[in-house]
There are 2 protein chains.
Amino acid sequence: MLRSTRQGSQDNRAALASKPIKTGPRVYAEIRRMAMDYRFKPNERINEVELAARLNVSRSPIREALQRLVTEGLITFQTNRGFFCRGFDVEEVVNLSDVRIVLEERSVRLAIQRATDEDLAALVDWWAKTMARADAFSSAELTARDEEFHIRIARLSGNSELARMLEGINTRIHFVRKIEVEKHRRLSTTYTEHADIARAMVARDADRAARLMHDHISISVADAMSTVREGLARIYVDADQI
Amino acid sequence: MLRSTRQGSQDNRAALASKPIKTGPRVYAEIRRMAMDYRFKPNERINEVELAARLNVSRSPIREALQRLVTEGLITFQTNRGFFCRGFDVEEVVNLSDVRIVLEERSVRLAIQRATDEDLAALVDWWAKTMARADAFSSAELTARDEEFHIRIARLSGNSELARMLEGINTRIHFVRKIEVEKHRRLSTTYTEHADIARAMVARDADRAARLMHDHISISVADAMSTVREGLARIYVDADQI
DNA sequence: CCGTTTTCTATTGTCGACAATTGCGATTGG
DNA sequence: CCAATCGCAATTGTCGACAATAGAAAACGG
């Protein structure tokens, strides 16, 4: 009776719809999303056993996922003390933004150099369609489109490392971005800015596109501060009623 | 006699000089270095049990370290198939180089904006001293100094995220960099280029410093190809006699 | 002799167990 | 009443065991 071993987990899997996703990837994806949305409070210690229990798995996949998230910058780690949620402060947002600007500028420039006319036309079309339906989208969906616009350009750059790094930054600033989207829901400058960038790309006007991109992404420190403040409010208020 | 449990590892630790470094970090550092130096052959499958045996630990710390290295871009992973060494090709080197250029340019510019006169003077001094002793250094040491020069600037930028990303790129291009250092051992343009950059920084000439940095880092695709070729030779020849 | 299916083996994925460590709270001495 | 010390409870670090999977080898049929 000592060797019933992994009986429990078998049941869990079965209950979870036979075997939709493998445990490892699933756990990774779930924790990742939690971290992106600050479902862990900033600097909060993450209890492995508790998390394992919540996701119905053992600590092994949990720890492996957490380790991965550490290098992604979503989680912090101290030996013998465990994993912590990353902090949430203005400096980090500003720093990431600053890096993002130069990478996105490079991204458009390369895309203009290397993408085909069809690719760029498709980008313009896609964004036009998205804009047309903008009102029907939730804020979360809208944020996703915003992110996708930039990622598409990054992919068109033909530099997979560049795209990879921008994706990394995206996941880290996802939370602030979502707040910004909601803030500016009414005055939807974002949509027209995207359209302008895309058009400049079609026209192969690298300098203009890069400048537009720069201005589009730039945020004042004051903006960042207000967004972070708003974010903190959500983390410590809304989170409780999830 | 079933519960001798972790006897074995106890012995290992004891044999390894009581307890110099904790297992986890040690394993991570060792595997990381192996990956940096292509002690695993490109795209080679990494056998967890074998590696665990070699480092005298169980698979848990191995897997955790590998997971971390996956997001660092030093290791590849496929579910149910395991971990693989990253490839080694020209495209990746060129892509990383391209990203590196824009980040390093931003880095100098920010450093010029934010570093104190003392900081910059210290940078110049340190590099002068290093240059003076250059002949006494091994190629490995020389490579380390090269890397350190750039990292110092990144830190002076005051943007920790920028520094972090540049460090990430450094570990990924470490191998090619080492080869480049050895190639150009004689015609040591690198040293004077560094000195020039540092001087431009002291003079707070951002445009010049950025341009120098750009030219310093830029490599032609032809150079990259030759370096990669040389690298492949080493990986598949020298590696056997380690 | 070649292509398909089956069996077998090597390797990964996940688990529960236990030791080591940390941090907190109680206890004691000033 | 506060500071330092001690011990205990909670938590992390690492391990070996076993199931699931994939890939190779063997058996089979054409």
Side-chain angles (χ1 to χ4, degrees), chain A residues 1-16 18-31 40 43-70 75-85, chain B residues 1-16 18-31 40 43-70 75-85:
Chain A
M1 73 315 200
L2 218 166
R3 277 284 75 89
S4 63
T5 308
R6 87 195 301 251
Q7 203 68 351
S9 84
Q10 292 265 34
D11 294 352
N12 291 334
R13 283 200 186 173
L16 225 22
S18 68
K19 202 177 60 181
I21 319 178
K22 295 291 203 308
T23 307
R26 189 198 100 217
V27 166
Y28 168 73
E30 293 203 40
I31 300 182
F40 307 110
N43 301 311
E44 176 191 19
R45 183 182 196 148
I46 297 173
N47 189 320
E48 296 173 14
V49 293
E50 187 188 328
L51 192 53
R54 182 138 41 114
L55 301 185
N56 283 109
V57 294
S58 81
R59 279 170 55 220
S60 312
I62 298 280
R63 282 181 63 97
E64 290 186 9
L66 286 171
Q67 292 281 14
R68 248 178 101 172
L69 294 169
V70 166
I75 295 283
T76 277
F77 175 74
Q78 287 172 256
T79 314
N80 280 330
R81 291 192 14 85
F83 297 92
F84 298 80
C85 179
Chain B
M1 73 313 201
L2 217 167
R3 277 284 75 90
S4 63
T5 310
R6 86 196 301 248
Q7 202 67 351
S9 84
Q10 292 266 35
D11 294 353
N12 290 334
R13 281 201 188 172
L16 224 22
S18 68
K19 201 177 61 181
I21 318 179
K22 294 289 205 305
T23 308
R26 188 198 99 216
V27 166
Y28 168 73
E30 294 204 39
I31 300 182
F40 308 110
N43 301 312
E44 176 191 19
R45 182 183 198 147
I46 298 172
N47 189 320
E48 297 173 15
V49 293
E50 188 187 327
L51 192 53
R54 181 138 41 113
L55 301 186
N56 283 108
V57 293
S58 81
R59 280 171 53 222
S60 312
I62 298 280
R63 281 180 64 96
E64 290 186 8
L66 287 170
Q67 291 282 13
R68 247 177 103 172
L69 293 169
V70 166
I75 295 284
T76 276
F77 175 74
Q78 288 172 256
T79 315
N80 281 330
R81 291 191 15 84
F83 297 91
F84 299 79
C85 179

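Chain letters run A, B, ... following the sequence lines, proteins first, then strands; residues in each count from 1.
Atoms CG (L55(B)) and P (dG13(D)) sit 18 Å apart, rounded to a whole Å. Straight-line distance from the CD atom of E50(B) to the P atom of dT11(C): 8 Å, rounded to whole Å. Distance NZ (K22(B)) to C1' (dC15(D)): 17 Å, rounded to an integer number of Å. To the nearest angstrom, P of dT22(C) lies 12 Å from CZ of F84(A). Atoms CD (Q67(A)) and P (dG13(D)) sit 8 Å apart, rounded to a whole Å. Protein atom CD of E64(A) is 12 Å distant from nucleotide atom P of dT12(C), rounded to whole Å.
Side-chain atoms of R81(A) never come within 3.5 Å of backbone atoms of R45(A) as a donor-acceptor pair (strictly under, hydrogens ignored).
Residue T23(A) places at least one side-chain N or O under 4.0 Å from the OP1 or OP2 atom of dT14(C). When the side-chain nitrogen and oxygen atoms of S58(A) are compared with OP1 and OP2 of dC15(C), one or more of them lie within a distance under 4.0 Å.
Residues passing the side chain to side chain contact (heavy atoms under 4.5 Å, CB included) test with S60(A) are S58(A), sequence neighbours excluded. R63(A) is linked by a salt bridge (charged side-chain N to carboxylate O under 4.0 Å, His left out) to E48(A), E64(B), counting only residues two or more places apart in sequence or in another chain.
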Short N/O separations, protein against nucleotides 10-12 of chain D, under 3.5 angstrom:
from, atom 1, to, atom 2, distance (Å)
dT11(D), OP1, N47(A), ND2, 3.2
dT12(D), OP1, I46(A), O, 3.3
dT12(D), OP2, E48(A), N, 3.4

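Closest non-hydrogen pair, V27(B) versus P61(B), comes out as CG1-O, 4.0 Å.
No side-chain heavy atom of F77(B) sits less than 4.5 Å from a side-chain heavy atom of L66(B). No side-chain heavy atom of I46(A) sits less than 4.5 Å from a side-chain heavy atom of I31(A).
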